[in-house]
Amino acid sequence: MLLALIAPGYPGAGQWTLPGGGLHWGESPEQAVHRELYEEAGLRGDVTSLLGIDTFQIERTIEGRRIGFHAVRVIYEMAAFGEPRVTETDGSVAESRWVPMGEIGSIPTVNLVTAGLRLLASPQAR
């Protein structure tokens, strides 16, 4: 599985996540996944399936204010090949790499990885 290490200074720093991020104005989720794959891993790929949609809520204190955050996460399965390298400068990812499925449980990951694995294992995912 392709994972990206969250860079220092970002929420979840030092943990591994799935490559991805927010949409740019006017961008579709599928366009965004291709852009993010290139920015965070230097790879091109093809969407093979929509695994599912996941939501995540968290509250954080930012500059003394309590702020709620609600993400709607569109999780795709993709076919991508090659040696990952981060192409985005000063972004939220410090490193990207292929991680064998058997090793994922032994590294620190954010809950998006758990959601992706759950959807990948789901019979509806195919």
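Predicted, not measured: the structure shown is a model, and the values here were computed from it.
How far CE of M1 is from CG of L120: 5.5 Å, rounded to the nearest 0.5 Å. The CG atom of L117 sits 7.5 Å away from the CG atom of L18 when rounded to the nearest 0.5 Å. Here the CG atom belonging to L37 is positioned 6.5 Å from the CG atom belonging to L2, to the nearest 0.5 angstrom. Here the CE atom belonging to M78 is positioned 9.5 Å from the CG atom belonging to L43, to the nearest 0.5 angstrom. Between the OG atom of S122 and the CG atom of L51 there is a distance of 9.0 Å, given to the nearest 0.5 Å.
Considering only heavy atoms from C-beta on, Q15 stays 4.5 Å or farther from I107 through its side chain. Contact annotation: the side chain of R44 never approaches that of H34 to less than 4.5 Å [non-hydrogen atoms, C-beta and beyond]. Residues E30 and Y76 form a side-chain contact, since some pair of their non-hydrogen atoms from C-beta on lies under 4.5 Å apart. Within the 4.5 Å cutoff, no side-chain heavy atoms of D54 are placed close to those of V74. Residues E95 and W16 form a side-chain contact, since some pair of their non-hydrogen atoms from C-beta on lies under 4.5 Å apart. Here the side chains of T17 and V93 are not in contact, with every heavy-atom distance at 4.5 Å or above. You'll find the side chain of T55 reaches within 4.5 Å of the side chain of Q57, heavy atoms only. Counting heavy atoms from C-beta on, the side chains of S49 and E77 come closer than 4.5 Å.
No donor-acceptor pair under 3.5 Å is formed between the side chain of T61 and the backbone N or O of G64. In this structure, the side chain of S96 engages the main chain of E40 through a donor-acceptor pair within 3.5 Å.
Between the side chains of T87 and E39, no donor-acceptor pair of N or O atoms lies under 3.5 Å. Donor-acceptor pairing under 3.5 Å is recorded for the side chains of N111 and R73.
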Candidate pair R35 and H24, rule side chain to side chain contact (heavy atoms under 4.5 Å, CB included), full reasoning: CA-CA 10 Å; R35 176 183 50 77; H24 288 174; 3.4 Å; yes
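Other residues, nucleotides and ligands contribute more than 12 heavy atoms inside 6.0 Å of the CZ atom of R66.
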